[in-house]
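What you see below is based on every heavy atom in this structure, not just the backbone, and it leaves out hydrogens, waters and symmetry mates.
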Amino acid sequence: MALPAGFLDELRARTPLAGLIGRRTRLVRSGRNWKACCPFHGEKSPSFYVYDDHFHCFGCGVHGDAISFVMQSDGVGFPEAVERLAGEAGMEVPRASPEAEAAERRRLGLAEALEAAAIEFRRRLAAPEGEAARAYLARRGLDPATIEAFGLGYSGDGRGGLINALSGQGFSRETLLEAGLLRAVEGEAARELFYNRVMFPIRDRRGRVISFGGRLLGPGQPKYVNGPESPVFAKRRSLYGQERVRAGVQAGAALVVVEGYMDVIALHRAGFAGALAPLGTSLTEEQLALLWEIAPNPVLCFDGDGAGLRAAARAAMLALPLLRPEHSLSIATLPAGEDPDTLIVKDGRGGFQAVLDAARPLAEALFDLLREPASERTPEGRAAFLARLEAAAASIRDRALAGEYRHALRERYYAATRPARSGSGRPGSARPGSARPGSGRSSSGWQDGGRSGRAAPLPPILPPRPHPGAGSIAAERARILTAILLRHPALLGELADAYAGLDLPAPLARLRATMLEFADHAPLASERPDGRLDSDALMSHLSLSGLDDVVRQVLAVDPVPLPGCAAASAMLAEAASGWWHIFGLMHRHRLQQEVMAARDEFAAQPDAARERRLIALSRALAALNGAEPEDAAGAEATGSKPAGVVSAASDPAGPNAAGPNTAGGDAAGAPDRAADDGTGPAAQAAPADKA
């Protein structure tokens, strides 16, 4: 049995050609495409080019797609090449069976019926009955050449003309119903879906008609109707105009996503050959994947009103987890009250080109999309805004890119919410050389305790806090994590991403934001002999920021004392291991991911800092699992256990040294060891005095 065309199309769509060919030969960028020395004949200068959906060698003439590349490079037949690619794409190759053959025949029949309907709709537009539709298109500025190029048509009055025309060509009512040309009516014969509408054929990437959209002539609702899902049409994986844009993008046009059919047509007429649109719904993950197959940085164009901004925010949040260094988005905003069609009519090509030129990278646009300026008048509102920014960055699966987004968003946050005072070179800092009376600050703007090594007095202890119950376990652990970082801010750099992703109460969230700001901007690290951030200087900065009360609450010893890893006397490695251990009690899966990432980073670039990080993470995970830690970095680098690495279950200064009455856990295998987030059954079953 011949394989269904739909299956092969899906297989090719799920197989990035550059990634496949890049396994066999080194590819380098050549504009929007790739080039390499041909893997099929010896050459010293590259003449082998890889495009979105095919490859071609200008030296030996070899040409093909993903399937033919596997056939030629591996010397296998078509079935085996398809099997290999399908296995990598997570697809199952259809097997020869009477049912499969019947399904493929039915699919081909639907495709033929849709093509016949497109011809019939075009005929009706040109006939006398299409006069109103032709007048509408003329008012929208479409000339006959454009109408022909996009295959526009007219549905007729919906009184059975299409059924009669296609039935005369041998198509059954069942086929027309399954193709989405008819609609079922309970207790009655199926009726035509489209009536008194201008018809827009929707095509797949190869130009085959897979459905229609219809625009109503005259009053009534809905103004636009799309055909239903069918064996040949999946709305989530289709875009209007997708068959036209690849050539334009390869020629240098920007890939632009707009809202409607007429917008796409108007932009193509104005020379924007990369315009396409979703089918009346918000963008989907599948449509984003299709866009990135065509171009690495599509431009999403939205209306400038509230609805447009909300749509932009939804698209941004959908895209964030899918971003990679080579795949991003830009956001363009239209003037209020305009769409691409009306803007071009009003201001010509230059009007829309100005919108494209003003498009902003996603990281920049995201800040404004998530911002609520009215709420920034209060500390709680600012903390909530920062939490939204941190959560957005944390949703990016690529860890390196997530870190870059987080840094960029925080920089803008500090610039926007901590405006520099007169003469200040740093957001949120006082003018150098000025000091508040009685503040103890030096002319550098920091307290003497941060420079001279004189110990600043610890904050006084507040009255005892309420005894933590099972419902506050997660909050108590968050307090301990914050206390460790207050005592050991040198850890802020390597722990910032994990710490920023915690869901904290508003006071702790504000404290965290100020601590991270301190880590980003404090000039002390380069001036200390050990190159580390200073706890006394951090305390001074927090005091000047009005956070004394929050700090006192975090460091309070009643009713639950802090674990040993949060003490100022704890070694930095002990503090790091303890931090990760408690973090793992809240987010076990994230801790496991951090261990794997640290192992990979150390293997790729072994150095002392990466070794320390890997040791701390491994000890924390081992303590969480109640097992001897792995030999971690030293074993991987030297084949032996690194000096200073001991069992987390037996290390008296390790993360479990806090004792049975603290949130640090116990050495024998605490009941909450099985809780991933601090709220599961094991945590809830813990004694009330155990966080």
Chemist: Are F55 and F69 close enough that their ring centres sit under 6.0 Å apart?
Modeler: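 F55 vs F69: aromatic centres under 6.0 Å.
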Chemist: Given F212, which partner from the list L114, L193, N226 fulfils the side-chain contact (heavy atoms from CB on, under 4.5 Å) test?
Modeler: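 The passing option is L114.
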Chemist: Should the heavy atoms of other residues, nucleotides or ligands under 6.0 Å from CD of E243 be counted, would the total exceed 12?
Modeler: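 Result for CD/E243: enclosed.
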Chemist: Scan side-chain atoms only and decide if H327 and R324 contain a donor-acceptor pair under the 3.5 Å cut-off.
Modeler: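 Looking only at side-chain atoms, R324 and H327 do form a donor-acceptor pair, the distance falling under 3.5 Å.
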Chemist: Quick one: list whatever passes side chain to side chain contact (heavy atoms under 4.5 Å, CB included) with E376, sequence neighbours left out.
Modeler: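 With sequence neighbours excluded, E376 shows a side chain to side chain contact (heavy atoms under 4.5 Å, CB included) to R371, R382, F385, T417, given in chain and number order.
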Chemist: Ignoring hydrogens and geometry beyond distance, is a side-chain donor-acceptor pair present between D143 and T146 at under 3.5 Å?
Modeler: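 A donor-acceptor contact under 3.5 Å links the two side chains.
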Chemist: Under the side chain to side chain contact (heavy atoms under 4.5 Å, CB included) test, which residues partner A234, sequence neighbours left out?
Modeler: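 For A234, the residues satisfying side chain to side chain contact (heavy atoms under 4.5 Å, CB included) (neighbours in sequence not counted) are E229, R237.
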Chemist: Decide if atom CD of E364 counts as having more than 12 heavy atoms of other residues, nucleotides or ligands within a radius under 6.0 Å.
Modeler: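 Count over threshold, so yes.
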Chemist: If the threshold is 4.0 Å, N to carboxylate O, is there a salt bridge linking R208 and E112?
Modeler: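 No, no charged N to carboxylate O under 4.0 Å.
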Chemist: Report the residue from E131, R197, E129 that forms a side-chain contact (heavy atoms from CB on, under 4.5 Å) with Y154.
Modeler: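 Answer to the side-chain contact (heavy atoms from CB on, under 4.5 Å) test with Y154 among E131, R197, E129: E129.
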Chemist: May I ask you to check whether over 12 heavy atoms, not counting those of D9, lie within 6.0 Å of atom CG?
Modeler: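 Check passes, neighbour count above 12.
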Chemist: List the atom pairs, with distances to 0.1 Å, where a side-chain N or O of residues 344-351 and a protein N or O form a donor-acceptor pair under 3.5 Å, not counting sequence neighbours.
Modeler:
from, atom 1, to, atom 2, distance (Å)
K346, NZ, E338, OE2, 3.3
R349, NH1, A270, O, 2.9

Chemist: Which residues satisfy the side-chain hydrogen bond (donor to acceptor under 3.5 Å, both in side chains) test with R246, sequence neighbours excluded?
Modeler: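 Partners of R246 by the side-chain hydrogen bond (donor to acceptor under 3.5 Å, both in side chains) criterion come out as none, since no residue qualifies.
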Chemist: List for me each residue that meets side chain to side chain contact (heavy atoms under 4.5 Å, CB included) alongside D305, sequence neighbours excluded, and say none if there are none.
Modeler: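 D303, A307.
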Chemist: Name all residues meeting the side chain to side chain contact (heavy atoms under 4.5 Å, CB included) criterion together with P505; count only those two or more places apart in sequence or in a different chain, and write none if there are none.
Modeler: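 Scan of P505 (side chain to side chain contact (heavy atoms under 4.5 Å, CB included), adjacent residues dropped) gives P507, L508.
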